[in-house]
There are 2 protein chains.
Amino acid sequence: MTETEALIRLLLADDHPVVRAGLRAVLETEPGLTIVAEAATAEAAVTRAAEGDIDVVLMDLQFGKGMNGAEATAVITARPGAPRVLIVTTYGTDADVVPAIEAGATGYLLKDAPPEDLAAAVRTAAAGRSTLAPTVADRLMNRLRAPRAALTRRETEVLALVAEGLSNQAVGRRLHLTEGTVKSHLAHVYAKLGVDSRTAAVAAATDLGLIRR
Amino acid sequence: MTETEALIRLLLADDHPVVRAGLRAVLETEPGLTIVAEAATAEAAVTRAAEGDIDVVLMDLQFGKGMNGAEATAVITARPGAPRVLIVTTYGTDADVVPAIEAGATGYLLKDAPPEDLAAAVRTAAAGRSTLAPTVADRLMNRLRAPRAALTRRETEVLALVAEGLSNQAVGRRLHLTEGTVKSHLAHVYAKLGVDSRTAAVAAATDLGLIRR
DNA sequence: CCGCGCGTCGATCAAAAGTTAGAGCCCGGC
DNA sequence: GCCGGGCTCTAACTTTTGATCGACGCGCGG
């Protein structure tokens, strides 16, 4: 009772009941941690986190419906005195990690982390320091070494349609562009990605997380 | 004590500690169910399931390393007096469901299922009857209605390389074929998938789970 | 034994994609 | 107010891809 160390109060945000139960089982036996609430949607997590009695939010990135975890993280961390947000998700792909961290997440763990790592990460997050799963850290390092071949909005739009199998002409119709313009955008994409065909561009962009699926 | 209903003995096979803890938390409070073992790898699940004291195996499909859940299911269900295998996984894509069922799984649930559905599915599986998550069932129905455009081994090989962005010539070199033969295979693929370009074929085949990533 | 699916190869022709080299417009930052 | 980046468009040219043939050997099952 004379401890200066306060209890770390947690909010679990995940749409899977099983995962929430698992996190609860793993974390509530830890000394110094207490789970004060659960949320099954990102929206619920946002409103609950605003009540001010939470120190760390464990946030999934994928929710079945509505807002995603990164968006929720951005909203939560925007207000003063906000809790720390620790991302706990299944996959650590390039495309997921960066937006989450930009949104203000304090750490990023994969769900296959052993329980002790999880608890340690929660304590680290509560103290305001960062934790990154090793595989995620690797990915980030690679990202920094080989700086993102940023595509412009238009280039991404064009490439996304190409990835669905549309021809240049079809892409042009869809975006109200001439076939020539589509070719022009694609030529820039090829140069940026270091490839020389649409299919190779789709493969490269998918690997880099620049487009989905 | 005069109950004729026996206890249903469970084995949890999942490489995520959190998920195992969650399943345990959800299921061990259920009357008539008891969890006798956990396995963090598919191999471990196979050996543990062979010991004969298990009624139902809850099996994940993706394991970080080694054998996957479908292969493990095939091995487990191959022996006489084998336990039932209930697939409990995150995603229910076309590509996952069919192999798992062919491997002898009794049911297929998604991890976002509510706890009561999970327990019900375990009891159903123990009784030897099947359970399919609604979204999974939908997929299977679609599959049956639009019968799989099965690609031959060679066609799949060619298409996989095309998906990585290789040209026909490059594919030919890689597989020791002439460019003409590659074109011939691709022409067949296009006909089967109902498309008319390599990029569209890659998109369609990815959707159907005929090729990876 | 014969047919059929598969895998292989070839050739031609037409269409799509990719290359190159421009040029004009709009907007935001210096 | 000028400059540059992003976006749009044009045009001619080359390469790749796809369509459509036809052909051969091989293995497997009726």
Side-chain angles (χ1 to χ4, degrees), chain A residues 95 98-99 102 146-213, chain B residues 98 102 146-211:
Chain A
V98 174
E102 282 173 349
R148 179 191 205 79
L151 301 183
T152 67
R153 198 174 316 114
R154 210 53 163 169
E155 286 162 359
T156 306
E157 278 182 86
V158 169
L159 188 56
L161 292 177
V162 166
E164 289 175 18
L166 275 63
S167 69
N168 290 341
Q169 208 179 52
V171 171
R173 269 198 301 275
R174 192 81 82 81
L175 297 180
H176 306 293
L177 300 175
T178 64
E179 188 186 341
T181 304
V182 174
K183 285 184 174 185
S184 167
H185 285 310
L186 281 179
H188 292 145
V189 170
Y190 300 160
K192 287 180 180 177
L193 299 182
V195 299
D196 56 5
S197 81
R198 57 206 298 103
T199 319
V202 169
T206 304
D207 283 351
L208 294 175
L210 300 175
I211 57 177
R212 293 289 159 177
R213 302 291 108 184
Chain B
V98 173
E102 282 172 350
R148 179 190 204 78
L151 300 183
T152 67
R153 198 172 317 111
R154 212 50 164 167
E155 286 162 359
T156 306
E157 278 182 87
V158 170
L159 188 55
L161 292 177
V162 166
E164 290 175 19
L166 276 64
S167 69
N168 291 340
Q169 208 178 51
V171 171
R173 270 198 301 274
R174 190 81 79 82
L175 297 180
H176 306 293
L177 300 176
T178 64
E179 188 185 342
T181 305
V182 174
K183 283 185 172 187
S184 166
H185 286 309
L186 281 180
H188 293 146
V189 170
Y190 299 160
K192 287 180 179 176
L193 299 182
V195 298
D196 56 4
S197 82
R198 59 208 296 105
T199 317
V202 170
T206 303
D207 283 351
L208 294 173
L210 300 175
I211 57 177

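This one's a predicted model, so the numbers in the text were calculated from it and none came from an experiment. Chain letters run A, B, ... following the sequence lines, proteins first, then strands; residues in each count from 1.
Distance alone, capped at 3.5 Å, is enough to place a donor-acceptor pair between the A:Thr206 side chain and the A:Val202 backbone.
Where DNA chain C meets chain A (any atom under 4.0 Å from a heavy atom), the bounding nucleotides read 5' to 3' are C:dA17 to C:dT19.
Atom NE2 of residue B:His188 and atom CG of residue B:Leu159 lie 14.0 Å apart, to the nearest 0.5 angstrom.
Shortest non-hydrogen contact noted between A:Leu166 and A:Arg198 is O-NH2, 3.0 Å. Heavy atoms only, all atoms of each residue included: B:Ser197 and A:Gly165 are closest at OG-O, 3.9 Å. Contact between B:Ala203 and A:Ala163 at its shortest, heavy atoms only, is CB-O, 3.3 Å. The shortest non-hydrogen separation linking A:Tyr190 to A:Ala201 is CE2-CB, 3.7 Å.
For A:Glu157, the salt bridge (Lys or Arg N to Asp or Glu O under 4.0 Å) test picks out A:Arg154, with sequence neighbours left out. By the side chain to side chain contact (heavy atoms under 4.5 Å, CB included) test, A:Ala204 is found to be paired with A:Leu193, A:Val195, residues two or more places apart in sequence or in another chain being considered. Partners of B:Thr199 by side-chain hydrogen bond (donor to acceptor under 3.5 Å, both in side chains), not counting sequence neighbours, listed by chain and number: A:Thr199.
Evaluation of the salt bridge (Lys or Arg N to Asp or Glu O under 4.0 Å) test over residues 175-187 of chain B, restricted to residues two or more places apart or in two chains, returns none.
At a threshold of 4.0 angstrom between heavy atoms, the contacts of B:Gly180 with the nucleic acid are absent.
Between its two ends, the helix from C:dC1-D:dG30 to C:dC30-D:dG1 turns its axis by 40°, counting five pairs per end and rounding to 10 degrees.
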Distance-only check: which donor-acceptor pairs under 3.5 Å involve side-chain atoms of residues 169-178 of chain A, not counting sequence neighbours?
{"unit_1": "A:Thr178", "atom_1": "OG1", "unit_2": "A:Thr181", "atom_2": "N", "d": "3.2"}
{"unit_1": "A:Thr178", "atom_1": "OG1", "unit_2": "A:Thr181", "atom_2": "OG1", "d": "2.9"}

Protein-nucleic acid N or O pairs under 3.5 Å, nucleotides 3-8 of chain D:
{"unit_1": "D:dC7", "atom_1": "OP2", "unit_2": "A:Thr152", "atom_2": "OG1", "d": "2.2"}
{"unit_1": "D:dT8", "atom_1": "OP1", "unit_2": "A:Arg154", "atom_2": "NE", "d": "2.6"}
{"unit_1": "D:dT8", "atom_1": "OP1", "unit_2": "A:Arg154", "atom_2": "NH2", "d": "2.6"}
{"unit_1": "D:dT8", "atom_1": "OP2", "unit_2": "A:Arg154", "atom_2": "NE", "d": "2.9"}
{"unit_1": "D:dT8", "atom_1": "OP2", "unit_2": "A:His185", "atom_2": "NE2", "d": "2.7"}

Check nucleotides 14-19 of chain D for protein N or O atoms closer than 3.5 Å to its own N or O atoms and list the pairs.
{"unit_1": "D:dT17", "atom_1": "OP2", "unit_2": "B:Asn168", "atom_2": "N", "d": "3.3"}
{"unit_1": "D:dG18", "atom_1": "OP1", "unit_2": "B:Tyr190", "atom_2": "OH", "d": "3.0"}
{"unit_1": "D:dG18", "atom_1": "OP1", "unit_2": "B:Arg198", "atom_2": "N", "d": "2.6"}
{"unit_1": "D:dG18", "atom_1": "OP2", "unit_2": "B:Tyr190", "atom_2": "OH", "d": "2.8"}
{"unit_1": "D:dG18", "atom_1": "OP2", "unit_2": "B:Arg198", "atom_2": "NH1", "d": "2.9"}
{"unit_1": "D:dG18", "atom_1": "N7", "unit_2": "B:Lys183", "atom_2": "NZ", "d": "3.0"}
{"unit_1": "D:dG18", "atom_1": "O6", "unit_2": "B:Lys183", "atom_2": "NZ", "d": "3.1"}

For this session: Take B:Asn168 and B:Leu186, measure what side-chain contact (heavy atoms from CB on, under 4.5 Å) needs, and give me the verdict at the end.
Result: CA-CA 9 Å; B:Asn168 291 340; B:Leu186 281 180; 3.3 Å; yes
